[in-house]
Amino acid sequence: DAGITQSPRYKITETGRQVTLMCHQTWSHSYMFWYRQDLGHGLRLIYYSAAADITDKGEVPDGYVVSRSKTENFPLTLESATRSQTSVYFCATADGRYSNQPQHFGDGTRLSIL
Amino acid sequence: AQKITQTQPGMFVQEKEAVTLDCTYDTSDPSYGLFWYKQPSSGEMIFLIYQGSYDQQNATEGRYSLNFQKARKSANLVISASQLGDSAMYFCAMREGPPRGGSYIPTFGRGTSLIVHP
């Protein structure tokens, strides 16, 4: 029972390259989120999705693209990676029917852009 | 403006003592929820406790309790009888809107690093 799976766990790439981070859930939660975590900034929301085919920008969306064609998958793409996008990325889900339920987080992807 | 403020970047506590981690929030919505998460050095995010704005009593979960002062807009996490395993980053988060049917877009504070000394 993996719940939420992020892949890869670690990724090193070069500036200008395209990179996609994957997120898969088995709970059928309606909401999915992408956060980046940087020292001193806590968790900052990049994009979120309230349901399949519905996505919206968060606090720091520039340079990122998301899609959600299926409820269970929510990939995050950096179309042309920059060094400032070096970070730890977390995917999270939430059951949107009951807002007192917490978010569930993946284990994170540590992305380094050289 | 910050919706969630955690003013203590770092906190130290002696093992077996209690510690309070501060969280203040800003919202004009009468309906909201507050969450605390723990992130140990291994990186995973662990849900600790939830408080709804209409909840009459302060939330408690084992050694964790939430000191909810609505008028002051504060939701401080109290950890009783600290253990070495409590050393971690702690994040406060808020979701605005009704408990059912509203949107679910939490905002996080920047976190507090807690170190428990033996």
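Proteins come first, then strands; the chains are lettered A, B, ... in the order of their sequence lines, and each starts at number 1. Only this structure's heavy atoms are used, side chains among them; waters, hydrogens and symmetry mates stay out.
- A/Ser112 and A/Thr86 share no side-chain donor-acceptor pair at under 3.5 Å.
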Residues A/Gln25, A/Thr93; criterion side-chain hydrogen bond (donor to acceptor under 3.5 Å, both in side chains); working and verdict = CA-CA 8 Å; A/Gln25 60 146 330; A/Thr93 71; 4.5 Å; no
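- B/Tyr37 and B/Met94 are assigned to two separate hydrophobic clusters, defined by single-linkage of ILVMFWY side chains at heavy-atom distances under 4.5 Å.
- With a threshold of 4.5 angstrom between heavy atoms, B/Gln39 approaches chain A through side-chain atoms but not through N, CA, C or O.
- Proximity to chain A (any heavy atom under 4.5 Å) is shown, for B/Leu34, by neither the backbone nor the side chain.
- Contact annotation for residues 42-68 of chain A against chain B (heavy-atom separation below 4.5 Å, listed by residue number): A/Gly42, A/Leu43, A/Leu45, A/Tyr48.
- Contact count against chain A (heavy-atom pairs under 4.5 Å) is highest for B/Pro106 among B/Pro9, B/Pro106, B/Gly109, B/Ser42.
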Go through B/Tyr50 and B/Asp55 one step at a time and tell me if the side-chain contact (heavy atoms from CB on, under 4.5 Å) criterion holds.
-> CA-CA 10 Å; B/Tyr50 168 83; B/Asp55 292 344; 4.2 Å; yes
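- Taking hydrophobic clusters as Ile, Leu, Val, Met, Phe, Trp and Tyr residues chained together by side-chain heavy-atom distances below 4.5 Å, B/Ile79 does not share a cluster with B/Phe47.
- A/His29 and A/Asp95 form no side-chain donor-acceptor contact under 3.5 Å, judged by distance and modelled atom types alone.
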Decide side-chain contact (heavy atoms from CB on, under 4.5 Å) for A/Phe105 and A/Ile4; before the verdict, give the C-alpha distance in whole Å, the side-chain angles of both, and the deciding distance to 0.1 Å.
-> CA-CA 7 Å; A/Phe105 287 82; A/Ile4 179 168; 6.0 Å; no
